[in-house]
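Before any comments, here is the structure.
The structure displayed is predicted, hence computed values, not measured ones.
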Amino acid sequence: RPPRSTLFPYTTLFRSFLHAFMREFSFVDYSGFDAVSGHCKDVISSLVCADVGSRLSADEALELFVREMQNQAAFEDVVLVVQSDFGRALPSNGFGTDHGWAGNTFLLGGSVKGGRVYNDFLESYLEGSEQDIGHGRLVPRYPWESMMVPVAQWAGVEQHQLAEVFPNIGNFDDSHFIHRDALFVN
């Protein structure tokens with residue numbers, strides 16, 4: 001059983017975070033953000049936890065998680081990666097947004113060099129821009145591995161193991177990956 005927190009309510013999401021903290025590597029699935037057909041309001045409300053009558057935004061939940069890890073003197077040893085399994089098309093389909101390819105990832109942790117944007121923002125969000133293949137579906141400029149390779153290296157994956165852990169890595173040259181030293185302080 002994960003340790004009890006002194007800071008945040010014992011909701012399903014927080015139990016998942018604390019249980020993950022007890023492991024070297026863990027995956028927490030927090031779903032309900034589908035915006036395909038009229039669920040945009042549901043997506044916004046999904047960012048609020050109401051398991052125990054206390055309403056916390058995702059930002060507040062992350063802030064409390066960070067404080068808890070700091071209280072347990074573990075924040076330097078924690079990296080939280082937040083990403084979606086797919087991106088979204090830019091324009092509305094009239095009811096929401098369609099699935100796409102490009103998306104965002106953010107990292108949080110005591111060893112992360114925070115406050116920075118890695119890779120590039122789009123130069124234009126207009127249809128027909130360089131990365132738009134039609135209907136606002138964007139082709140990513142950088143692979144998913146761009147952020148995950150340095151996270152894996154921070155967690156102890158050796159250089160000679162990367163091709164086994166990331167079978168897609170050979171499809172890109174080094175310019176597509178963030179170097180571990182650029183992303184982490186230790």
Side-chain angles (χ1 to χ4, degrees), residues 1-3 5 8 12-34 46-47 58-59 61-89 99-123 130-133 137-186:
R1 180 172 168 89
S5 166
F8 48 79
T12 303
L13 177 61
F14 300 128
R15 281 194 307 269
S16 296
F17 277 156
L18 287 176
H19 185 70
F21 169 66
M22 301 296 290
R23 303 178 185 283
E24 193 164 321
F25 183 86
S26 187
F27 175 84
V28 175
D29 178 13
Y30 189 55
S31 59
F33 299 95
D34 196 355
S46 293
L47 293 174
D59 185 53
L62 289 171
E63 181 180 342
L64 290 172
F65 179 72
V66 167
R67 284 200 321 213
E68 182 66 26
M69 294 301 98
Q70 290 169 331
N71 282 351
Q72 294 188 28
F75 190 53
E76 300 300 316
D77 299 322
V78 171
V79 173
L80 179 69
V81 179
V82 178
Q83 62 189 182
S84 176
D85 57 345
F86 53 83
R88 287 282 172 201
H99 292 186
W101 295 302
N104 297 303
T105 299
F106 78 82
L107 304 180
L108 179 144
S111 293
V112 174
K113 290 182 181 176
R116 299 175 184 190
V117 173
Y118 294 91
N119 296 330
D120 304 311
F121 281 112
L122 291 173
E123 291 181 26
E130 179 186 347
Q131 289 175 251
D132 181 13
I133 63 160
R137 287 190 174 91
L138 305 176
V139 174
R141 186 174 289 160
Y142 299 93
W144 171 82
E145 292 88 352
S146 172
M147 298 294 286
M148 295 310 297
V149 165
V151 170
Q153 290 171 321
W154 178 84
V157 174
E158 300 290 334
Q159 187 71 29
H160 69 276
Q161 298 170 313
L162 290 176
E164 184 177 346
V165 175
F166 300 102
N168 197 35
I169 199 171
N171 294 324
F172 302 93
D173 63 41
D174 282 346
S175 70
H176 289 92
F177 300 101
I178 299 166
H179 292 279
R180 182 196 184 284
D181 295 339
L183 196 57
F184 293 98
V185 296
N186 60 16

- [ ] Give the ring-plane orientation class for F184 versus W154, where under 30° counts as parallel, over 60° as perpendicular and anything between as tilted.
- [x] parallel

Roughly how far, to the nearest 0.5 Å, is the [atom2] atom of [Y] from the [atom1] atom of [X]?
{"X": "K113", "Y": "N186", "atom1": "NZ", "atom2": "CG", "answer": "10.0 Å"}
{"X": "M148", "Y": "L162", "atom1": "CE", "atom2": "CG", "answer": "12.0 Å"}
{"X": "E76", "Y": "Q70", "atom1": "CD", "atom2": "CD", "answer": "8.5 Å"}

Open item on the list: Under a 3.5 Å distance rule, please check whether Y142 uses its side chain to pair with a backbone N or O of Y118 as donor and acceptor.
Closed with: no

- [ ] Give the intermediate values and the outcome of side-chain contact (heavy atoms from CB on, under 4.5 Å) for residues Q83 and M147.
- [x] CA-CA 10 Å; Q83 62 189 182; M147 298 294 286; 5.7 Å; no

So, using side-chain contact (heavy atoms from CB on, under 4.5 Å) as the criterion, who are the partners of [X] when residues are at least two apart?
{"X": "N171", "answer": "N168"}
{"X": "E130", "answer": "R141"}
{"X": "L108", "answer": "V66, F75, L80"}

TODO: Can you establish whether the number of heavy atoms outside N119 located under 6.0 Å from its atom CG is more than 12?
DONE: yes

Would you indicate whether the side-chain heavy atoms of [Y] and [X] approach each other to under 4.5 Å?
{"X": "V157", "Y": "F166", "result": "no"}
{"X": "H176", "Y": "S146", "result": "no"}
{"X": "F177", "Y": "I169", "result": "yes"}

Task: P150 versus E145, closest heavy-atom pair with distance - done: CD-O, 4.1 Å

